[in-house]
Amino acid sequence: MKEKLKSFFDRKRVLILGFGREGRSTLEILRQCNCTIGIADQNLEITSDINDYAKYTGDSYLSCLDDYDIIMKTPGIALFDNISEEVKNKITSQTDLLLRFCDNEIIGITGTKGKSTTSSLLFHILQKCGKNAILLGNIGIPPLSEIDNLTDDTIIVCEMSCHQLEYVQASPDVAVLLNIYEEHLDHYTDFYAYKHAKENIYRYLTEDSTLIYSARCNNSEIEQLPCDKISASETDAYDIYVDDDKIHICGIDIAVDDLHTQLAGKHNLYNIAIALACAVEEECDLTQAISTIASFHGLEHRLELVRSVKDVQYINDSISTIPLASIAAIKAFDADTIILGGMDRGISYELLVNYLKSPESPVMSVIALPDSGYRIADMLGDNNDNDNDNEDEGLDEEQKPQVYRVKDLAEAVNLSTRIADHCCVLSPAAASYGFYKNFEERGNHFKELVNKL
């Protein structure tokens, strides 16, 4: 693969667009190629190791796009429609080049929710079943950073975000589309642009490929693909689906009790079913694959039990950035208290608000953080009027849930100690940006606050 990359970049003018973790990884690859290198990042930190390259920073950092033959875009750069078709045709990425030039078996997994858990679980299963597997991509490892460690039998599990898929021109050998919900509207012109980026995972599949996809995402384009197709659903009977006590994988029924999983929630049974289906595609013994699930502990910031304080469980679900994720978190733990809110990207909260108001919801208290949490509070009716001294008073059914506005996460956790009955979950249904660097920083702060109680 390295020789293919060298040929691709040979004597080209190559711009690294975005100079974070993946951008620095790209630089290491380009240094081994015969090419002219430029680096563009609005907040570029000038260090001695990049002195020899053209650098573009500040508000005009995109002004150089016409000057390069190849643009290696990193996932964090949002271009919207501010570039010409000519420039778009020059854009590629590490994900794109991995898919185009790597001869190894690649399983690509995307979805609005569940992709990190499913990717990590599949990697765990493959390793425990004796396969030579590697985990790359949106999980935090740049897709091309491990090419020196690949052998002929290496199976690549690659978690793929919408940003990584936006400009790809190839698909993985096994493509997994878990779901698509409204998300990342701060990065795209509208939901359809976001959806189109996600759907790139299957657009280039061939007759030798396999697509495992949510039945809700079915369309005429999928129906016309030449690949093998496996439909999936969290509830309804398709090739893969989940019911109350079994998961069903292409005619094979597996009792939930036999999984011994540490992952909470029905949505995670769906993720498990998808991971097992992928493992079967890679010729793993199903009985052995099922046995490995018990030793998978889940991922940090994803329905993570922090600790119990005076019989109240505190759950860190900071990864939650959409309403459906928060609903899943509530159901997984029968939570009576939820902390909601963060960066307001203008997504719809109608589904979440309707659920919180419904008899089905166990939530009695909503702690609302700025900015989106305040919008949710407005939609709920904000019956508390910011008076946190009346938490012990009985609630009329019409008042459910009780809403409390707080200024920050510290105040939210402090308040929870007085109002939570058995479970308080941080599941913000919002991005962390503007308040925290990322969801990890937000989750770590929550855990720090809880551990001080």
Check: For residues Ser214 and Asn179, is any side-chain donor paired with an opposing acceptor at under 3.5 Å?
Finding: no

Margin query: Glu440: which residues meet the salt bridge (Lys or Arg N to Asp or Glu O under 4.0 Å) condition with it, sequence neighbours left out?
Written below: none

Notebook entry, point to check: Is atom NZ of Lys128 surrounded by more than 12 heavy atoms (other residues, nucleotides or ligands) closer than 6.0 Å?
Noted result: no

Check: If you measure only the distance, is there a donor-acceptor pair under 3.5 Å linking the side chains of His124 and Ser295?
Finding: yes

Notebook entry, point to check: Is the number of heavy atoms from other residues, nucleotides or ligands within 6.0 Å of OH (Tyr238) greater than 12?
Noted result: no

Check: Is the number of heavy atoms from other residues, nucleotides or ligands within 6.0 Å of CD (Glu350) greater than 12?
Finding: no

Notebook entry, point to check: Quick one: do the Ser25 and Ser145 side chains pair a donor with an acceptor below 3.5 Å?
Noted result: no

Margin query: Distance alone, cut at 3.5 Å: any donor-acceptor contact between the side chains of Glu166 and Asn200?
Written below: no

Margin query: Under the rule for side-chain contact (heavy atoms from CB on, under 4.5 Å), what residues qualify as partners of Ser372, not counting sequence neighbours?
Written below: Asp344, Tyr349, Ala430

Note to self: Parallel, tilted or perpendicular: which one describes the rings of Tyr436 and His445, with boundaries at 30° and 60°?
What the structure shows: tilted

Notebook entry, point to check: For the atom pair CG (Leu426) and CD1 (Ile367), what is the distance rounded to the nearest 0.5 Å?
Noted result: 10.0 Å

Checklist line | Parallel, tilted or perpendicular: ring planes of His248 versus Tyr241, cut at 30 and 60 degrees | finding: parallel

Next item on the list: Would you indicate whether Asn219, at its atom CG, is surrounded by more than 12 heavy atoms from other residues, nucleotides or ligands within a distance under 6.0 Å?
Entry: yes

Next item on the list: Take Leu98 and Ile106 through the side-chain contact (heavy atoms from CB on, under 4.5 Å) test and state the conclusion after the steps.
Entry: CA-CA 9 Å; Leu98 178 77; Ile106 300 175; 4.0 Å; yes

Checklist line | Check: Thr206/Ser209 side-chain N/O donor and acceptor closer than 3.5 Å | finding: yes

Note to self: Determine whether Asn444 and Glu441 satisfy the following criterion, side chain to side chain donor-acceptor pair (under 3.5 Å), listing intermediate values before the conclusion.
What the structure shows: CA-CA 5 Å; Asn444 286 332; Glu441 184 177 78; over 6 Å; no

Notebook entry, point to check: Salt bridge between Asp10 and Lys6, side-chain N to carboxylate O under 4.0 Å?
Noted result: no

Next item on the list: First locate atom CD1 of Ile212, then atom CD1 of Ile274, and finally report the distance between them rounded to the nearest 0.5 Å.
Entry: 6.0 Å

Next item on the list: Return yes when atom CG of Asp153 has more than 12 non-hydrogen atoms of other residues, nucleotides or ligands closer than 6.0 Å, and no otherwise.
Entry: yes

Check: Would you say Arg21 has more than 12 foreign heavy atoms packed within less than 6.0 Å of its CZ?
Finding: no

Item checked: Donor-acceptor pair between Thr151 and Asn132 side chains, under 3.5 angstrom -> yes

Checklist line | Side-chain H-bond candidate by donor/acceptor type, Glu146 with Asn149, under 3.5 Å | finding: yes

Notebook entry, point to check: About how many Å separate CD1 of Ile147 and CD1 of Ile29, when rounded to the nearest 0.5 Å?
Noted result: 5.0 Å

Checklist line | Considering all heavy atoms, the nearest Leu62-Leu65 contact | finding: O-CG, 3.1 Å

Next item on the list: Give a yes or no on whether the ring-centroid distance for Tyr202 and Tyr213 is below 6.0 angstrom.
Entry: no

Margin query: Return the CD to CD1 distance between Glu360 and Ile327, rounded to the nearest 0.5 Å.
Written below: 8.5 Å

Note to self: Test side-chain contact (heavy atoms from CB on, under 4.5 Å) on Leu205 and Thr210; report intermediate values, then the result.
What the structure shows: CA-CA 8 Å; Leu205 291 170; Thr210 300; over 6 Å; no

Margin query: Do the side chains of Glu28 and Arg24 get close enough for a salt bridge, i.e. N-O under 4.0 angstrom?
Written below: no

Next item on the list: First locate atom OH of Tyr355, then atom CG of Leu324, and finally report the distance between them rounded to the nearest 0.5 Å.
Entry: 11.5 Å

Margin query: What I want to check is whether the side chains of Thr110 and Lys198 have a donor and an acceptor closer together than 3.5 Å.
Written below: yes

Next item on the list: Go through the steps to decide whether His267 and Leu303 satisfy the test side-chain contact (heavy atoms from CB on, under 4.5 Å), and finish with yes or no.
Entry: CA-CA 11 Å; His267 66 290; Leu303 298 182; 3.4 Å; yes

Next item on the list: With rounding to the nearest 0.5 Å, note down the distance linking CD1 in Ile141 to CG in Asn138.
Entry: 11.0 Å

Notebook entry, point to check: Could you walk me through whether Ser119 and Ser116 pass the side chain to side chain donor-acceptor pair (under 3.5 Å) check?
Noted result: CA-CA 5 Å; Ser119 299; Ser116 294; over 6 Å; no

Note to self: side-chain contact (heavy atoms from CB on, under 4.5 Å), that's the test. Do Gln94 and Thr26 meet it? Break it down for me.
What the structure shows: CA-CA 8 Å; Gln94 287 205 18; Thr26 298; 2.9 Å; yes

Notebook entry, point to check: Can you tell me if Gln262 uses its side chain to pair, donor with acceptor, with the backbone of Ala294 under 3.5 Å?
Noted result: yes

Margin query: Less than 4.0 angstrom from a charged side-chain N to a carboxylate O is my criterion; do Asp257 and Lys246 meet it?
Written below: no

Check: Do side-chain atoms of Lys229 reach the backbone of Leu225 as a donor and acceptor pair under 3.5 angstrom?
Finding: yes

